[in-house]
Number of protein chains: 2
Amino acid sequence: MSKIRTEKNIAPKTVILEKAAGLFKTKGFAATSMRELASELGIEAPSLYNHIGSKDELLQEICFKVANSFILHLTKVENLDQSIIRKVELLIRFHIKMTLENFDEVFVANHEWRNLQEPYLKKNLTLRRNYEKRLVSLIQNGIEKKEFSKINPQVAALTILAALRSLEFWQRHKKNISEKTLEDTIVHQLLNGIIQ
Amino acid sequence: MSKIRTEKNIAPKTVILEKAAGLFKTKGFAATSMRELASELGIEAPSLYNHIGSKDELLQEICFKVANSFILHLTKVENLDQSIIRKVELLIRFHIKMTLENFDEVFVANHEWRNLQEPYLKKNLTLRRNYEKRLVSLIQNGIEKKEFSKINPQVAALTILAALRSLEFWQRHKKNISEKTLEDTIVHQLLNGIIQ
DNA sequence: CCTACCGATCGGTAGG
DNA sequence: CCTACCGATCGGTAGG
């Protein structure tokens, strides 16, 4: 009876994916039911399947969309003619922007990818590890060029990636600090530390 | 027929909690069934309920045990007569030790607390926010004493806490690096940054 | 500790 | 888009 409300030619599937990301973020993938998702969209559960293939498919699309965005940007940055420090800075800033602009999707991709079914689980893990390795190489490169101190590049890479997850906690403080300030502060802290 | 195997007077409930933490970590709380847990312990699902009250109870015990450990240690550190830098360093080192020594529990407490039922969900969130606030105060204190540069103490606190989650990725690299080196490297990176 | 079993809920299909 | 409904699985109880 009541169609999914789509503004300005947005495909119903897109609307479903958005709502799904929000629910998966708040309740977790496994704890979210298709009836709940349908209810939020104002339709009955079976109607969802006119637009999507399965619940698993929703998680797959969210996880791989996010992964591909990060990989695409990393490739661009690698090919820039810039200092390594600048490249790492650009990566950090991109993570922050992506996270703030696509909060639900990034959150779900980070927390719920474990619920992917094979072969997607393995594929996703490979993409993540590959991304990490390329960041490690970049940092290794920076150490060789004396831009970075003699840190352990693996520890540095994983620490930076994990630190960027702090953005997940920032939603509730959003009003207190501008995105620009937040970006600059995090970049400075990760590159320069906090000691006077 | 087959009892839960407990070595050296370990309570059956302890064994159940350990296995549960392992499963919740790998599959997530909602995606783990009590039949699966029972099967791993070599018993039938209904037998679990001779030792525990409910599935929810398992998650509660894990989350609050971990939270209380961190809070207890924070209180100790706050009362020490040491520099703020040293106090923050001690906190970082404790997080690393706790995470490496109680990997499954810490992982579950960090990732699955969203699956707690009220009033435990709210209680747990309060504990987490309170912990964060006390770390922010400590850092604020360090800025006032000129031990830290004029960073944003909230950003600094959340970045440090998030960065410590990088330990979750370190299980698979364990062989490559000693715990001592890992600790020193992370402490140095968070306090001093990575730039030469 | 088990077997037997319950009501509830799940993802998804059939058919219109 | 709906109603009607399916088999599977869930957390948990009864009773021994």
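Quick caveat, the model's predicted, so the values are computed rather than measured. Worth knowing before you read on, the calculation uses all heavy atoms, side chains too, and leaves out hydrogens, waters and symmetry mates. Throughout, a chain's letter reflects where its sequence line sits, starting with A, and its residues are numbered from 1.
- Within the structure, ring pair (Phe, Tyr, Trp, His ring centres under 6.0 Å) contacts touching residues 108-163 of chain B (residues at least two apart or in different chains) are His111(A)-His111(B), His95(B)-Tyr131(B), Phe107(B)-His111(B).
- Checking the phosphate oxygens (OP1, OP2) of dG11(C), a side-chain nitrogen or oxygen of Lys55(A) falls inside 4.0 Å.
- Of the candidates dC2(D), dG12(C), dT13(D), dC2(D) carries the atom nearest the Glu44(A) side chain, counting heavy atoms from C-beta on.
- With distances taken from any side-chain atom of Pro46(A) to the nucleotides dT13(D), dT13(C), dC1(D), the minimum falls on dT13(C).
- Distance, Ile16(B) CD1 to dC1(C) P: 8 Å, rounded to whole Å.
- Between Arg134(A) and Thr75(A), the side chains place a donor N or O and an acceptor N or O closer than 3.5 Å (distance only, hydrogens not considered).
- Residues Val106(A) and Glu168(A) fail the side-chain proximity criterion, which asks for heavy atoms closer than 4.5 Å.
- As rounded to whole Å, 15 Å separates atom C1' of dG11(D) from atom CG of Asn115(B).
- When heavy atoms are screened at a 4.0 angstrom cut-off, Ile4(B) is found touching the sugar-phosphate backbone but no base atom.
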- When Watson-Crick pairs (N1 to N3 and N6-O4 or O6-N4) and G-U wobble pairs (N1-O2 and O6-N3) count only below 3.5 Å on both distances, what is the dot-bracket string of DNA chain D, with | for other-strand pairs? ||||||||||||||||
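- Going from atom CG of Leu41(A) over to atom NE2 of His51(A) covers 9.0 Å, rounded to the nearest 0.5 Å.
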- Item | salt bridge (Lys or Arg N to Asp or Glu O under 4.0 Å) between Arg93(A) and Asp184(A), intermediate numbers included | CA-CA 8 Å; Arg93(A) 289 187 188 277; Asp184(A) 292 345; 2.9 Å; yes
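- In this structure, Gln117(A) atom CD and dG11(C) atom P are separated by 13 Å, rounded to whole Å.
- Put simply, CD on Gln60(A) is 15 Å from P on dG11(C), counting in whole angstrom units.
- By the neighbour-count criterion of 12 heavy atoms within 6.0 Å, atom NZ of Lys13(B) is densely surrounded, having more than that number from other residues, nucleotides or ligands.
- For the pair Ile52(B) CD1 and dG12(D) P, the computed distance is 7 Å after rounding to whole Å.
- When only modelled atom types and interatomic distance are considered, Asn115(B) and Glu112(B) share a side-chain donor-acceptor pair under 3.5 Å.
- Each of Ile85(B) and Val136(B) belongs to its own hydrophobic cluster when Ile, Leu, Val, Met, Phe, Trp and Tyr are linked at side-chain heavy-atom distances under 4.5 angstrom.
- We find the OG-CD distance between Ser166(A) and Gln189(A) to be 8.0 Å, quoted to the nearest 0.5 Å.
- Taking atom NE2 of residue His51(A) and atom P of nucleotide dC2(D), one finds them 9 Å apart after rounding to whole Å.
- For the contact set between residues 21-33 of chain A and DNA chain C, defined by any heavy atom under 4.0 Å, the members are Thr32(A), Ser33(A).
- Atom OH in Tyr49(A) sits roughly 4 Å away from atom P in dG12(C) (whole-Å rounding).
- Listed nucleotides: dG11(C), dT3(C), dG11(D). Nearest to the side chain of Arg35(B): dG11(D).
- Straight-line distance from the CG atom of Asp56(B) to the P atom of dG12(D): 6 Å, rounded to whole Å.
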